[in-house]
Amino acid sequence: MTNNEKSTPKKPEKWRTTLGLYVTSMQAYEMWKADPERIKILDVRSPEEYWMIGHAEMARNIPLAFIKYTWNFERDEYLAVPNQEFLSSAKNVYSPTDTILVTCRSGERSAIAVNMLANGGFVNAYNVIDGFEGDKVNDPENLYHGKRMKNGWKNSGLPWTYNMNQDQIWLSND
């Protein structure tokens with residue numbers, strides 16, 4: 001069994017998926033680099049995150065949810081509303097047997113997206129468990145304590161950009 005096949009991630013339960021397919025950002029990049037025509041990278045972060053924080057150069061953006069500019073005091077973050085077009089948009093771009101490496105900020109939303117894809121008939125959707133920004137540094141003595149500076153696509157030295165490619169950005173079906 002290879003590292004990207006049916007292995008248990010070192011992440012909490014909420015990062016796990018029904019398909020049980022997991023890769024790190026580095027493994028995702030190596031898979032894509034080996035076969036860029038067959039391996040697809042899907043970024044499910046909001047369009048704002050994709051645009052302003054940056055994204056993998058080859059990643060298509062189909063947001064799992066949209067930021068609603070209302071504060072959620074319980075979670076200490078903005079509210080998000082589900083993208084009702086997520087699955088239909090994915091089906092318009094990918095076939096159910098495509099290998100899709102799904103990323104978000106840190107692996108939680110991508111797990112939800114992988115489960116939605118699996119429920120929609122996709123069979124080769126992997127959760128990129130460290131996401132684009134990676135995990136938070138958990139060391140009070142470290143200058144970066146609490147910041148997402150540990151692993152992830154951006155912190156692993158993998159190719160990323162702020163540039164927007166019209167063929168890869170989210171455009172609503174409205």
Side-chain angles (χ1 to χ4, degrees), residues 3-7 9 11 14-67 80-135 148 151-156 158-173:
N3 288 339
N4 56 4
E5 293 176 347
K6 300 264 183 191
S7 60
K11 291 281 194 167
K14 62 186 174 184
W15 273 265
R16 302 206 183 173
T17 66
T18 56
L19 294 175
L21 301 172
Y22 309 97
V23 290
T24 64
S25 293
M26 189 63 76
Q27 290 168 330
Y29 179 66
E30 292 300 324
M31 287 174 70
W32 175 83
K33 198 166 70 169
D35 195 352
E37 294 301 314
R38 196 178 69 75
I39 305 296
K40 312 298 180 190
I41 299 181
L42 171 60
D43 188 323
V44 300
R45 293 175 300 150
S46 70
E48 294 91 342
E49 291 172 284
Y50 184 83
W51 175 41
M52 293 184 209
I53 295 170
H55 52 274
E57 293 175 345
M58 68 296 289
R60 174 180 293 277
N61 179 229
I62 302 176
L64 182 65
F66 299 106
I67 296 171
V81 294
N83 176 2
Q84 299 301 322
E85 299 175 30
F86 174 76
L87 188 56
S88 63
S89 295
K91 287 182 175 183
N92 286 337
V93 177
Y94 307 117
S95 73
T97 57
D98 282 345
T99 298
I100 307 169
L101 311 177
V102 185
T103 191
C104 63
R105 181 185 65 193
S106 60
E108 183 177 350
R109 283 177 287 172
S110 53
I112 295 167
V114 166
N115 287 336
M116 289 178 70
L117 292 168
N119 289 337
F122 289 86
V123 295
N124 295 314
Y126 289 70
N127 184 13
V128 179
I129 61 171
D130 54 348
F132 185 72
E133 291 186 72
D135 295 324
R148 293 189 181 280
N151 61 41
W153 192 282
K154 196 171 188 179
N155 298 318
S156 295
L158 301 175
W160 66 276
T161 185
Y162 294 113
N163 296 334
M164 302 297 280
N165 178 333
Q166 186 174 346
D167 295 332
Q168 295 173 309
I169 63 172
W170 166 256
L171 298 172
S172 176
N173 293 329

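- Put simply, the side chain of Arg45 does not reach to within 4.5 Å of the side chain of Thr103, judged on heavy atoms.
- Tyr50 places a side-chain heavy atom less than 4.5 Å from the side chain of Met164.
- In this structure Lys91 satisfies the salt bridge (Lys or Arg N to Asp or Glu O under 4.0 Å) test with no other residue, sequence neighbours excluded.
- Phe86 has its side chain within reach of Ile62: a pair of non-hydrogen atoms, C-beta onward, lies under 4.5 Å apart.
- In this model, no donor atom of one side chain and acceptor atom of the other lie less than 3.5 Å apart for Glu85 and Ser88.
- In this structure, the separation between CG on Leu87 and CG on Asn119 is 8.5 Å, given to the nearest 0.5 Å.
- A 4.5 Å side-chain heavy-atom check between Leu171 and Ile169 finds at least one atom pair inside the cut-off.
- For Leu158 against Met26, the heavy-atom pair with the smallest separation is CD2-SD, 3.6 Å.
- For the residue pair Asp130/Thr24, the side-chain donor-acceptor check at 3.5 Å is not satisfied.
- Nearest heavy atoms, Ser46 versus Ile67: OG-CD1, 3.6 Å.
- Shortest non-hydrogen contact noted between Phe132 and Ala56 is CE1-N, 3.6 Å.
- Counting all heavy atoms, side chain and backbone alike, Asn83 lies closest to Pro63 at ND2-O, 2.7 Å.
- Using a 4.5 Å heavy-atom threshold, the side chains of Trp170 and Phe66 count as touching.
- Residue Thr99 comes nearest to Met31 through the heavy atom pair CG2-CE, 4.1 Å, listed as atom of the first residue, atom of the second, then distance.
- Smallest separation of non-hydrogen atoms from Ile53 and Trp160: O-CZ3, 3.8 Å.
- Using a 4.5 Å cut-off on side-chain heavy atoms (C-beta onward), Val114 and Tyr126 make no contact.
- Ser95 and Asp98 form a side-chain donor-acceptor contact under 3.5 Å, judged by distance and modelled atom types alone.
- Thr18 and Asn115 are linked by a side-chain donor-acceptor pair at a separation below 3.5 angstrom, with hydrogens and angles left out of the test.
- In this structure, the salt bridge (Lys or Arg N to Asp or Glu O under 4.0 Å) partners of Glu108, at least two apart in sequence or on a different chain, are Lys14.
- Looking at heavy atoms from C-beta onward, Leu101 lies in side-chain contact with Ile41 at the 4.5 angstrom threshold.
- Residues Cys104 and Leu64 are not in side-chain contact: their nearest non-hydrogen atoms beyond the backbone lie 4.5 Å or more apart.
- Distance CG/Asp43 to CE/Met58: 11.5 Å, rounded to 0.5 Å.
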